[in-house]
Visitor: 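I have a structure I would like to understand better, so I am pasting it below and will then ask my questions one at a time.
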Amino acid sequence: MADYNHRETEQKWQRFWEKNQTYRTETNSQLPKYYALDMFPYPSGAGLHVGHPLGYIASDIVSRYKRLKGYNVLHPMGFDSFGLPAEQYAIQTGQHPAVTTEANLTRYIEQLKNIGFSYDWSREVRTSDPSYYKWTQWVFMELFRSWYNKDTDRAEPIETLTYKFATNGTTDVNAVCDEDVPAFTAAEWNVMSTDESYEITLKYRLTFLADAVVNWCAALGTVLANDEVKDGVSERGGYPVEQKKMRQWMMRITAYADRLLTGLDTIDWSESIKEQQRNWIGKSVGASVKFPLATNADEFIEVFTTRVDTIYGVTFMVLAPEHELVDSLTTPEQQQAVADYINAAKLRSERDRMADVKTVSGVFTGSYCLNPLNSEPVPIYLADYVLAGYGTGAVMAVPSGDQRDWNFAKHFDLPIIPISTGQKDIDKQADNTKEGQYINSGIINGMAYKEATQTLITWLEEKGLGKGKINFRLRDAVFSRQRYWGEPVPVYFKNDATGKPLPYLIDEKDLPLELPAVDKYLPTETGEPPLGRAEGWKYKEKYDYELSTMPGWAGSSWYWYRYMDPQNPDVFASRAAIDYWQDVDLYIGGTEHATGHLLYSRFWNKFLYDRGYVPQDEPFKKLINQGMIQGRSNFVYRLQFGLEVTEMRPGEVPIPIEAVQPYFVSRGIKDFYNNVDSPERREVLVNNPTVFKKITDDIIAANPGKKGVPFISYVTPLHVDVNIVENDELKPEVFRISRPDLTENAEFISEPDGRFLVGAEVEKMSKSKFNVVNPDDIVEKYGADVLRLYEMFLGPLEQAKPWNTNGIDGVYRFIRKFYRLFYKDSPETGNELIVTDETPTAAELKILHKTIKKAQDDIDAFSFNTSVSSFMICVNELATLKCSKRAILQDLVLLLSPYAPHITEELWAALGNEPGTVSKATYPVFNAKYLVEDAFEYPIQINGKVRTTISFAIDRAASEIEKEVLADEIVQKWLEGKAPKKVVVVPKRIVNVVI
RNA sequence: GCGGGCGUGGCGAAAUUGGUAGACGUGCCAGACUUAGGAUCUGGUGCCGCAAGGCAUGGGGGUUCGAGUCCCUCCGCCCGUACCA
């Protein structure tokens, strides 16, 4: 029979959509807007695998659904096309990254188009396109031209700052700025030279140059942001990363720390991502306290603590080895010990340090400071458990209240002072309780936690020895990368009167500052970034250009606005477009961007909002994280051989030997071979003439001069390409063709039934594991509609799940079954349309409306897997009723069209609608009357008390009296535990039951 | 350690507010048709039992007429994060 031909149909409609620009979206529309966005991909050389489209399919279904529901939907796609891999490839091959990227892009687009997404491709953006990164550079400039006013709690143009300086000096400036800003009067400001005043503003701007301790990755030749470093090595490539002080462009994301935190409460994101961002921002409320030095009470060590209430329990002080006071605090006697410790700490890599958190290490400096509360001397130690980068790099140690301090105190035999009646067993471990009253605690003795904390902070503030303080873990973002393939930073340097170079923005008319050609993609001989090789930049003859480029996250931190107005040459997006599209209603992407892209995007968005460029404070209203689709790797088991010496002593190891040819063994029997100690196995191996005689003979022949009994010592699993395995069965002939290197002369030992089985394991999908499944192959074999339905059917969208094709035939069958509701095979004409114009029965309408309800509810709840199930049920039931009525099928086509756009477009046209318009139709309206004719809810009283209600439906045909009787029967059955399940309800009367 | 999530048949998984647990799909068993196929269709399929019936949502306890769902507790798995003072 002539089945549905997915290849022909899908290609036909994809061409149609492209030619007719079916999914082109207009901005000037009276319809309500809906913006469904996918995290745009980096076009890697490997192409898409079946995991990538998962989220894209979900957002495409929502987009198509919303269109049918009457929304004007913006559903674009683009590419984050700057990035390290293309540059690494350029270094190796000399090929320009733009060329590599272009080739990858072509393949990505082709693969995406194969799946039938309803993207408006005319809105495609690429971050590496000069017409795009012109605006990335512009945002950088705007940040440079802004400062953060803490009083108004927003970013403002730098002119409002200089106005304040000119009128009142620094007195009423409350800004997020560098630590070392000088105080001055308006009069002083007004007589400063241009250079002098400009230099002061540099300390306030939201992008600024700073000597920062950065993550320097020598192998990549660049610095990395905190979120690009994982476990002490670079996220890309896994190269070692060291801490190094360098002059870098930075962004004051810390100015937004609080708003980034509170904004999380206003958006519909998964709790886990929000929590990750909260931890990353790491707000802690506490106090900073100054401990005067014992030798010089005018100098202090400042600490940050969240538990100022424990201050009377301080018995020592710990500084980070990098702390600036270390040299001056170290006494001559301790000089050597301290130097040794610092050296040892430097040698320990970040990794080692994290690996052994248990070991206590530290060294005494020989100096003391004084507890500001009771003037007790406090010995000062160094230890690398204190981090230079957090707080002040110094902690007040309270061994009775903090486990690390406790461990340290035990190790160095320091006193442990109990400070609260709430503390238990502090000779065994620290107790950080906030319960109880304070003891041994001077001015707070007898108080409880809250009062004590307040009392202490007030006291410290009065004495100028401390204050309440909020500390964040979030650091300012390093914005320079010493790489080629990124946006050039639009800055040049000009010396001031003293010969000091000051950064200036290039003229905005010169944007985009295009990436210049270079002869090599490596640093210059003098160690400058690759851009140092460029010739002929406009300002270059007079001044120095900034040679670093922007980090990968720059281009992706505002891209959703460019889709709104992608070709605009004058602004990043027109006011009209932004006012219409506002923000992203649905954003779908992976969790890996939790503390990178998703945080930086919120930061830039808030900045653009402050400066009045965008109307919403948060860019992504709802975020869904699709789960990763893992690969399911297959393994063949190769026998490994040993030679057991004839008289082997206990404990002696068999000598490994090579067989003349590889032997592969099927999964079901591999354990038999793998069990080295099994005497039966050895028996078989040595004596079984049919299979193993040949092996042993071969081995003996291949190992002349070695005496002993050859045996199979174990089996080694080897990855085998999943694409040549079907249902865990491997055809040896196919394997031979695919991997001649492994299988030359190989023997295969199959199951007793003759099949050769392979093992399987779930792993991340990757080329090296031979478990990559290309969506193109699935599309070719089953069709894009089946791929889309199947990926949705696989399980809940947000859950990680392995790819397996076990169920794909079921979906394939469903598509054909659906098709057969419309067509029957006719020997003369091929397929003959069998749709009739008969009036549907109540039963048929019930099936349809049940499905409409379910499909709507499921899309609204993003549970696409169950809605696919409901389509299957619907088609099965209609097939059983042999229902091919237009009134039913037309609506079913619409319900299915978001999921399976190709076949539904085909059938939509076959039903006599204008070809290519299924996406412009109106979604069927659900009507509950077809589901339940009459519904009742009966509150039940048991022993006189209302316990619950029972709900059920009764056929409309029943009379009022019949309903009463039926209700009684149902209640009776319910009491017997046999009540029918179901449904909906209106309170009507109370049934009294006495038990 | 801390934070987030999860635990249901051979497998992927369903189960609105607590209301016949296992929908749907796979797999397996039986049958029909057959141009013999990995097509199509029908029936069966949580476990024990011939059956009646009993037992079942990681283990234990609780609330309730009723618990996969709510509460307590223990066990296990996944993800994120980590000396953050």
Side-chain angles (χ1 to χ4, degrees), chain A residues 1 3 230-231 270-276 278-280 282-284 286 303-308 310 318 320 353-354 356-360 383-387 389-398 401-405 407-408 432 471-474 591-592 594-595 625 627-628 726-727 729 789-790 793-796 798-811 813-814 816-817 820 853-854 857 861 863 865-876 879-880 940-943 945 947-952 973-984 993 995:
Chain A
M1 125 161 217
D3 251 335
K230 293 261 148 76
D231 299 330
S270 76
E271 206 43 52
S272 108
I273 292 264
K274 287 193 195 179
E275 203 53 34
Q276 279 183 55
R278 284 190 195 109
N279 292 340
W280 188 260
K283 179 178 183 171
S284 32
V303 300
F304 174 76
T305 176
T306 51
R307 291 296 301 273
V308 69
T310 63
V318 191
R353 199 166 137 160
M354 286 192 278
D356 78 330
V357 294
K358 298 257 146 54
T359 319
V360 177
D384 64 5
Y385 82 81
V386 176
L387 305 175
Y390 184 77
T392 59
V395 301
M396 56 175 231
V398 183
D402 182 285
Q403 192 57 46
R404 285 158 319 174
D405 297 345
N407 294 345
F408 196 89
N432 63 5
N471 203 38
F472 289 94
R473 199 191 85 117
L474 184 72
T591 42
E592 65 272 20
T595 53
N625 302 113
M628 196 182 13
E726 234 176 283
N727 290 326
E729 187 180 349
L789 283 161
Y790 186 60
F793 184 67
L794 217 45
E798 304 194 60
Q799 186 178 303
K801 51 209 166 250
W803 176 260
N804 75 77
T805 48
N806 285 348
I808 202 166
D809 287 318
V811 176
R813 231 168 264 154
F814 157 73
R816 282 178 295 174
K817 214 168 180 177
R820 279 199 302 276
K853 177 90 168 69
K854 184 86 177 114
D857 290 354
S863 49
N865 52 333
T866 52
S867 62
V868 176
S869 290
S870 74
F871 294 138
M872 289 178 174
I873 295 167
C874 180
V875 166
N876 280 340
T880 308
I940 304 294
Q941 286 195 3
I942 294 171
N943 296 338
K945 185 178 157 197
R947 289 294 188 174
T948 182
T949 54
I950 177 172
S951 327
F952 49 88
K973 280 186 182 167
W974 172 77
L975 286 168
E976 291 162 11
K978 291 175 191 160
K981 198 175 175 181
K982 274 275 125 170
V983 183
V984 203
V993 181
I995 295 179

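Only heavy atoms go into these numbers, but all of them, side chains included; no hydrogens, no water, no symmetry mates.
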Visitor: Sort me out a list of protein N/O and nucleotides 9-12 of chain B N/O pairs below 3.5 Å, or just none if empty.
Guide:
residue	atom	partner	partner atom	Å
B:G12	O2'	A:Leu794	O	2.6

Visitor: OG1 of A:Thr805 to OH of A:Tyr790: how many Å apart, nearest 0.5 Å?
Guide: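 Between atom OG1 of A:Thr805 and atom OH of A:Tyr790 there are 6.5 Å.
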Visitor: Where the side chain of A:Val386 is defined as all heavy atoms beyond and including C-beta, which of B:U40, B:A14, B:A85 is the nearest nucleotide?
Guide: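 Nearest to the side-chain atoms of A:Val386, counting from C-beta on, is B:A85.
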Visitor: Looking at B:A85, I'd like to know if its phosphate oxygens (OP1 or OP2) sit under 4.0 Å from a side-chain N or O belonging to A:Arg307.
Guide: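 For B:A85, OP1/OP2 do not have a side-chain N/O of A:Arg307 under 4.0 Å.
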Visitor: Would you find a donor on one side and an acceptor on the other, under 3.5 Å apart, between the side chain of A:Arg307 and the backbone of A:Asp402?
Guide: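 A pair under 3.5 Å: no.
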Visitor: Using the glycosidic torsion, which applies to B:G18: syn (within 90° of 0) or anti (everything else)?
Guide: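 Anti, since the glycosidic angle lies more than 90° from 0.
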Visitor: When you compare the protein's N or O atoms with those of nucleotides 78-81 of chain B, which come within less than 3.5 Å of each other, and at what distance?
Guide:
residue	atom	partner	partner atom	Å
B:G80	O2'	A:Gln276	OE1	3.4

Visitor: Carefully, step by step, assess A:Phe871 and A:Val811 under the rule side-chain contact (heavy atoms from CB on, under 4.5 Å).
Guide: CA-CA 10 Å; A:Phe871 294 138; A:Val811 176; over 6 Å; no
Visitor: Do A:Leu794 and A:Trp803 come within less than 4.5 Å of each other through their side chains, counting heavy atoms only?
Guide: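 Side-chain contact under 4.5 Å: yes.
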Visitor: Find which nucleotide of RNA chain B each of A:Met872 and A:Arg816 is nearest to by heavy atoms, and output the residue with the more 5' nucleotide.
Guide: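 Looking at the nearest nucleotide for each, A:Met872 comes out on the 5' side.
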Visitor: Nearest to the side chain of A:Tyr390 - B:A15, B:G25, B:C84?
Guide: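 Among B:A15, B:G25, B:C84, the one nearest the side chain of A:Tyr390 is B:C84.
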Visitor: So does A:Asn625 get a side-chain nitrogen or oxygen closer than 4.0 Å to the phosphate oxygens (OP1/OP2) of B:G5?
Guide: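 So the side chain of A:Asn625 is outside the cut-off, no N or O lying under 4.0 Å from OP1 or OP2 of B:G5.
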Visitor: Would you please confirm or rule out a distance under 4.0 Å between OP1 or OP2 of B:C84 and any side-chain N or O of A:Arg404?
Guide: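 So the side-chain polar atoms of A:Arg404 do come within 4.0 Å of the phosphate oxygens OP1 or OP2 of B:C84, strictly under.
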Visitor: Pairing of RNA chain B as dot-bracket, 5' to 3': ( ) intra-strand, [ ] crossing, | other strand, . unpaired, with Watson-Crick or G-U pairs under 3.5 Å?
Guide: (((((((..(((......[....)))((((((.......))))))(((....)))..(((((..]....))))))))))))....
Visitor: Which nucleotide in the set B:A39, B:C24, B:A14 lies at the smallest distance from any side-chain heavy atom of A:Asn876?
Guide: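 The nucleotide sitting nearest to the side chain is B:C24.
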